[in-house]
Amino acid sequence: MSDRRRIMPLRDVKDHPKRKVNLIAVVVEFSIPRMSVGTDYCTILKVIDQSQQNPELSVNVFMDDVHQLPHIRSRRDIIVLSCVRIERHNQDPCAVFNKSFSSYALFDGKCSSAFRPYQASPAFCLIASDKPFITSLKNWSLTFQLDPGISPYVVSLNHIKEKDYHDLVCKVLGVCEVSSNEWVLFLWDGTDVPPLSFNTKLEEHYSIQLQISVPLPTNAISNFPCVGTVLRVIADPAYGNLGYHFHSIGEWVRIRNVLFEVDSGLWKGVLSGTSKVRLLSENDNSVIERKRNLTERLLRSGRVPMSSYHVSNFLTVLTVTDYESTKFSTLMDLLTFSKDKGIFKCIVRVVAIYPLQVKDFWSPAGLYRIRVTLEDPTARIHALLCGEDAELFFGGYPSISVLAAKMNKLLGVSENDDSTRNPPWIQCCVELHLANEAGALGARHYHIRFTILVL
DNA sequence: TTGGGG
C-alpha cells in the first residue's frame, strides 16, 4: 500500500472528466439517503474546499446497504473520497462514488487533532499523507463563512403556498415514527402558517382532524415552542427509517424542496425525493434574522396569530371585563400547560361545531351542550360550550334562526358562496382542566367561558 | 444502473 495519495483540489476536477481522482473536502449539504430506482441506495453531497466554494461540487454516492451511505453529523464535517470518477452532468462536473472501487471516510470538522473517522466505507484506509490535508482543511473551514445558499425559494412559514415547493430556514424540533414506517418531521421557524379556507363540499366540518397524522402525547410536545407553527412534514416512504438518517434534532437547517399541501384544512409538508439539508450555525445570518423577527413580534403584538394583526376578518367577541387586561395565550400554551387548572385568553377561529344543527344545541333538559373546534396557528383543540357559559355567549336563548345566523358568522359561512367558508378570528376565554393524571392524552378538558358573542 | 433544483 502506498503511503501517499494524490489529492486533487476541487478547482481542477473540471479538467479531469472520466478520470478517477482522490478528494478531501468539506460537506455543506446532503440529500437524505433513500432508495434509488436502480439497485442501490443513494445520497448526494455538496462539497467545497480552499480552492473552490462556488460552484459546490456534487458527489453522488451509491451503496447497496443504506447504512453504509455517508450520514453527515455536523456542519463542516470533512469527507475523504478515494477513487471517485469524474463525470459531467449538463455542463457541470460531478464526482460519482462507485462501490466497487471507491471508498470514503467522514471526519468531525470541529475536532482538530483526531484522525479517526466517525464513519467509513468498508474498504477505506487512511493514508499518512491525508492527515495534513485534513488538518489544513479543518483550519480553513473554521475561518470560512459557509454560504447558507441565498435563493428565491427560501420562504418563512407565513408565506407558503399550496402545491408549491419551498426551502425553509427552520429549527428541527423532532422526528418521530408515528405509525409503522410512517415518519413525521417537526419544523419551526417562529412564524405562523397562513389561515386556510375550508372547502365545504370536501370537508364535513364535524369530522375535522385536530392535526396532520396522529396526536402526540403531552411529554412529546412539552418542549415545542408555544408561538409559531410547528409544521408537520410527512416523509416519502422511500426514505425508510428517517430517524436513522436525520441527525439534526434541535438544530437550525436550511431544508430544500419541501412540498406544501393542505389536508383537512391544515398545512402539511411533504419531504419529497429531492429534499436536501444544509446544516446552519446559530450565528448564520438567516437564523439570526428569524430569531430577531420572533423577538420583535412578541414585543410588538404578544402571543397572537400574525394574520390577525389586520382585523378585516375579525369578529368582535368580547370577553367579560375580568379578563380584559389578561395577556393572550396560544393553543400550544394550553396543550403544554402543566398545572391542573388555568384560564387563558386566546385569539382563535371556530373551525367546526357539533352538533351540526342548531336545533340540537340543547340537551333534553334544555341546557346548551355544544362542542366547538378551535384553531390558531399553533394547534387545534375541541372545547365545550355548555350551560351558563353558552347562555352568556349567545345572550340567553335566541330563536333558532337568530342562533343559526350567529353560528354561520362564527364558522365563516358566506351568504353568497356555499362552497367555501373562512372562519374569522375571535377572542375568547378558555378554561383548562386536567381531569386526572397530569399530561395523559385526552385527560385535558377545555371550556369556553366568560365570553360574549357580539353580533 | 441508480443520481443530478424548482
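In the text below, chain A, chain B and the rest are named by the order of the sequence lines, each starting its count at 1. We use all heavy atoms of the structure for the numbers below, so side chains are in, but hydrogens, waters and symmetry mates are not.
- Side-chain atoms of K99(A) stay outside donor-acceptor range of the base of dT2(B), with no qualifying N/O pair under 3.5 Å.
- Here the nucleotide nearest the side chain of N60(A), chosen from dT2(B), dG3(B), dG6(B), is dG3(B).
- Side-chain polar atoms of E182(A) and S179(A) form a donor-acceptor pair below 3.5 angstrom.
- Listed nucleotides dG4(B), dT2(B), dG6(B) differ in distance to Y165(A); the shortest reach to its side chain belongs to dG6(B).
- Taking atom CG of residue D236(A) and atom P of nucleotide dG3(B), one finds them 13 Å apart after rounding to whole Å.
- Judged by ring centres under 5.5 Å apart and planes tilted less than 30 degrees, F62(A) fails to stack against the six-membered base ring of dG3(B).
- In this structure, the nucleotide among dT2(B), dG4(B), dG6(B) sitting nearest to the side chain of S36(A) is dT2(B).
- Atom CD of E56(A) is separated from atom C1' of dG4(B) by 14 Å (rounded to the nearest Å).
- Judged by distance alone, the side chain of R290(A) and the main-chain N or O of V169(A) form a donor-acceptor pair under 3.5 Å.
- Distance alone, capped at 3.5 Å, places no donor-acceptor pair between the S197(A) side chain and the T420(A) backbone.
- In this structure, F30(A) places its CZ atom 19 Å from P of dG3(B), rounding to the nearest Å.
- Judged by distance alone with a 3.5 Å cut-off, no donor-acceptor contact links the side chain of N90(A) to the base of dG4(B).
- A donor-acceptor pair is defined here as one N or O able to donate and one able to accept, closer than 3.5 Å; no such pair exists between the side chain of S275(A) and the backbone of L271(A).
- When heavy atoms are screened at a 4.0 angstrom cut-off, V61(A) is found touching no nucleic acid atom at all.
- Distance CE (M63(A)) to P (dG3(B)): 17 Å, rounded to an integer number of Å.
- Distance, K46(A) NZ to dG3(B) P: 16 Å, rounded to whole Å.
- Using a 4.0 Å heavy-atom cutoff across all strands shown, S58(A) reaches no nucleic acid atom at all.
- Taking atom CG on D164(A) and atom P on dG6(B), their separation rounds to 15 Å, with Å as the unit.
- Distances shown here put a side-chain N or O of R34(A) below 4.0 Å from the OP1 or OP2 atom of dG4(B).
- Nucleotide dG6(B) holds its P atom 15 Å from the CG atom of L259(A), rounded to whole Å.
- Counting only N and O atoms by type, the side chains of T330(A) and D333(A) include a donor and acceptor under 3.5 Å apart.
- Here the P atom of nucleotide dT2(B) and the CG atom of L69(A) are 17 Å apart, to the nearest Å.
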